[in-house]
Number of protein chains: 2
Amino acid sequence: MTIDLDPQLDLQSIRIVRAIAESGSITGAARLLGYSQPAVSQHLQRTESRLSLPLVTRVGRSVKLTEAGQVLARHAIAITSALDAATGDLADLAGLRTGTVRLAAFPTASSTIVPRLLASMAEAHPGIQLSYVEAQPPEAVALLREGGIDLAVTFSYPGDRTDPHRDSANGLNTETLFTEEMVVVLPATHPLANEEVVDVAGLAGERWIAGCPRCRGHLLAVCEVAGFDPTITFETDNASAVLNMVASNLGVAMLPRLALATATLPVGAVIRPHTPQSIRSIHLLAGAGTRRVPSVAATVSLLHKLDGGDWGLVAP
Amino acid sequence: MTIDLDPQLDLQSIRIVRAIAESGSITGAARLLGYSQPAVSQHLQRTESRLSLPLVTRVGRSVKLTEAGQVLARHAIAITSALDAATGDLADLAGLRTGTVRLAAFPTASSTIVPRLLASMAEAHPGIQLSYVEAQPPEAVALLREGGIDLAVTFSYPGDRTDPHRDSANGLNTETLFTEEMVVVLPATHPLANEEVVDVAGLAGERWIAGCPRCRGHLLAVCEVAGFDPTITFETDNASAVLNMVASNLGVAMLPRLALATATLPVGAVIRPHTPQSIRSIHLLAGAGTRRVPSVAATVSLLHKLDGGDWGLVAP
DNA sequence: GATGGTCATAGCCTGATGTTATGGGTTCTA
DNA sequence: TAGAACCCATAACATCAGGCTATGACCATC
């Protein structure tokens, strides 16, 4: 299919004809449009010769629309109002009075960062729709690449293959929102449970409960530094489950602080920082040019202002 | 009042966005529009920066409309279809499938030239509306000047003040369609009724029946040349009335041949050429640029083809 | 990796579309 | 009947939007 070009009708002609219809003279139309009189006069002549159809007739010292001119003037109203509607809608988008932002974030964020963001968005920009899907960082990045979402909140551990600051996020706009401390979870009865800070090396003989694949990867890395290879007996993504397993003395675990934010710590489990300390970073990724979209920019800005201190999140 | 310029939204942008929406890529849009790929790419960037609102996001090796782009694309359909409607109407006008021509002509033409023109217009261009008003030449010229009509059919006598080839028709487009002979009408009982050609000087003592003011002017001019000042006893514009008056022996008259076309010659009146011969010209006047209007041009063309031979009209 | 497709950038060039200055008509008025 | 006021058309000129070609960078697929 080919789109018709009708190269002989441009917006300017339409505006001019309309202005002439309204003012009754070329000079008047020029004033209305903010042009000089010859500009309008010439443009009109060009249009007439393009159409090979006179639009005005000089009558006396003034000018009058021909039938063709009147026909065009009538259409001009429809056309300019369609244009006005379009510019209006665009202005709405630009003015944050409307718009949709599609966000993805990792599961733990679903119950912490995301609800808080939704609340502040609803307050600051009630017109903007925020759609949300939960996705692990790799899936979130894929979605971003294929344009399925506008923003992704991900996490990574230092040295991660999927660290967005490395090549995995090539071409995407990326920044770190927060970092948080990793902690170990021990049964209250554990010999090290009374230490201020737990040495990971001291947990070499324990059974471990691992989280998501990438968290498990991080666990392995930490243990390797501490000089042992952990025995992993359970795997679950669910922080509450982990805490209860630990409380039931099924093993020890390592969790990010954020995971603890919405789970209540059962009796029988304790949280301890560990040494060597390890951290997790929380990132915000955006498609290449997406951040220039006003609604997206507004969301990003609110994410920056988000306070995660009560969850143990700190600025990077 | 001032017309909004929205200088930031031109047709090209709208076409481009629409083409991108339909083809899914910038290259495809360029093909659709018949442009090179960089042209579209650059135009798009200009538009985006004018709007300070991204319209597309690069996704993979292709491109995808942002929300703003989609909004614009939706409007694009409305706008281009409004434009198409306008160009369609204009094409109709240009193609003689529609249009209105407003015509004025002098009374005698109303029952001769005009009906014949209406008939051939209806056959050749059934879509064109022809509106008609009867008007004496001076009024017809005035109407033309103020744009109330498109064409005027007038008449003049040689030397007339209102001869359209003199200054009265300044700025109007003018031409002579026909000339016709003036004839005298005599009672059948008149001494000169048997002459082939009647010498006007021989009618010096008659009572005259004059027609419209300008015809009367012509009569005075002819008689002056013949060396007398006619006695005018009746004045009427109605050719039938004149003929019957002459048949009733109320006087003699001078009429153009066309005036006899629709009146039946009563017994008791005879038509004779006269000497010195005098003529009347029938003109077509058009507003300055009006003849370039297709429907008007078509009407003019048919007027040229009109055959008035059976009424005594001859080409100028 | 090599290849083909897609977008972006650079450099160039043309013409569309403004501008000011000026002239010719037309209308209104002293 | 001038003359003033107004309006349109034309001329000469300036500028930049918007096109093109050539080329580079990136991405996907084989």
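In what follows, chains are A, B, ... by sequence order, proteins preceding strands, each numbered from 1.
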I need the [atom1]-[atom2] distance between [X] and [N], as an integer number of Å.
{"X": "B:Lys64", "N": "D:dC27", "atom1": "NZ", "atom2": "P", "value": "18 Å"}
{"X": "A:His43", "N": "C:dT19", "atom1": "NE2", "atom2": "P", "value": "12 Å"}
{"X": "B:Leu11", "N": "C:dT17", "atom1": "CG", "atom2": "P", "value": "11 Å"}
{"X": "A:Arg50", "N": "C:dT17", "atom1": "CZ", "atom2": "C1'", "value": "10 Å"}
{"X": "B:Glu48", "N": "D:dG18", "atom1": "CD", "atom2": "C1'", "value": "16 Å"}
{"X": "B:Ile16", "N": "D:dG19", "atom1": "CD1", "atom2": "C1'", "value": "11 Å"}
{"X": "B:Gln42", "N": "C:dC12", "atom1": "CD", "atom2": "P", "value": "14 Å"}
{"X": "B:Gln12", "N": "D:dC20", "atom1": "CD", "atom2": "C1'", "value": "15 Å"}

Point to revise | Phosphate-side-chain proximity, A:Tyr35 and C:dG18, N/O vs OP1/OP2 below 4.0 Å | key: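 True: A:Tyr35 side-chain N/O within range (under 4.0 Å) of C:dG18 OP1/OP2.
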
Practice item. Give a yes/no answer on whether the side chain of B:Arg46 brings an N or O atom under 4.0 Å of OP1 or OP2 in D:dA17. Key: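 No, outside the criterion.
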
Exercise for review: List the steps and the verdict of side-chain hydrogen bond (donor to acceptor under 3.5 Å, both in side chains) for A:Thr27 and A:Gln37.
Suggested key: CA-CA 5 Å; A:Thr27 304; A:Gln37 171 265 317; 5.4 Å; no

Check your understanding: When you look at B:Val17 and B:His75, which way does the side-chain contact (heavy atoms from CB on, under 4.5 Å) test go after all the steps?
Key -> CA-CA 10 Å; B:Val17 168; B:His75 282 291; over 6 Å; no

Practice item. Kindly indicate, with the supporting measurements, whether the criterion side-chain contact (heavy atoms from CB on, under 4.5 Å) is fulfilled by B:Leu51 and A:Thr87. Key: CA-CA 9 Å; B:Leu51 297 171; A:Thr87 49; over 6 Å; no

Check your understanding: Between B:Asp10 and B:Arg46, is there a salt bridge with N-O shorter than 4.0 Å?
Key ->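 Answer for the salt bridge query: no.
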
Search all heavy atoms of [X] against all heavy atoms of [Y] and return the closest pair with its distance.
{"X": "B:Ser23", "Y": "B:Gly28", "result": "OG-C, 3.4 Å"}
{"X": "B:Ala76", "Y": "B:Arg18", "result": "CB-CB, 3.9 Å"}
{"X": "B:Leu93", "Y": "B:Pro294", "result": "O-CB, 3.7 Å"}

Between the protein and nucleotides 4-8 of chain C, are there any N/O to N/O pairs under 3.5 Å, and if so, what are the atom names and distances?
from, atom 1, to, atom 2, distance (Å)
C:dG4, N2, B:Arg61, NH1, 3.0
C:dT6, O3', B:Arg61, O, 3.2
C:dC7, OP1, B:Ile26, N, 2.7
C:dC7, OP2, B:Thr27, N, 2.7
C:dC7, OP2, B:Thr27, OG1, 2.3
C:dA8, OP1, B:Arg58, NE, 2.7
C:dA8, OP1, B:Arg58, NH1, 2.8
C:dA8, OP1, B:Arg58, NH2, 3.1
C:dA8, OP2, B:Ser41, OG, 2.8
C:dA8, N7, B:Gln37, NE2, 3.1
C:dA8, N6, B:Gln37, OE1, 3.2

Exercise for review: Measure the angle between the two terminal helix axes of the helix from C:dG1-D:dC30 to C:dA30-D:dT1, five base pairs each, and quote it to 10°.
Suggested key: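 The end-segment axes of the helix from C:dG1-D:dC30 to C:dA30-D:dT1 are tilted 30° relative to each other.
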
Exercise for review: Could you list the residues that satisfy side chain to side chain contact (heavy atoms under 4.5 Å, CB included) with A:Ala82, not counting sequence neighbours?
Suggested key: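 In terms of side chain to side chain contact (heavy atoms under 4.5 Å, CB included), with neighbours along the sequence ignored, A:Ala82 is linked to B:Ile79.
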
Review point. Counting any heavy atom closer than 4.0 Å, what does A:Ala39 reach on the DNA or RNA strands: base, sugar-phosphate only, or nothing?
Key: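 Base, at least one base heavy atom under 4.0 Å.
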
Exercise for review: Tell me, please, whether B:Phe155 has B:Arg214 positioned over its six-membered ring: NZ or CZ under 6.0 Å from the ring centre and within 45 degrees of its axis?
Suggested key: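 B:Arg214 over B:Phe155 ring: yes.
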
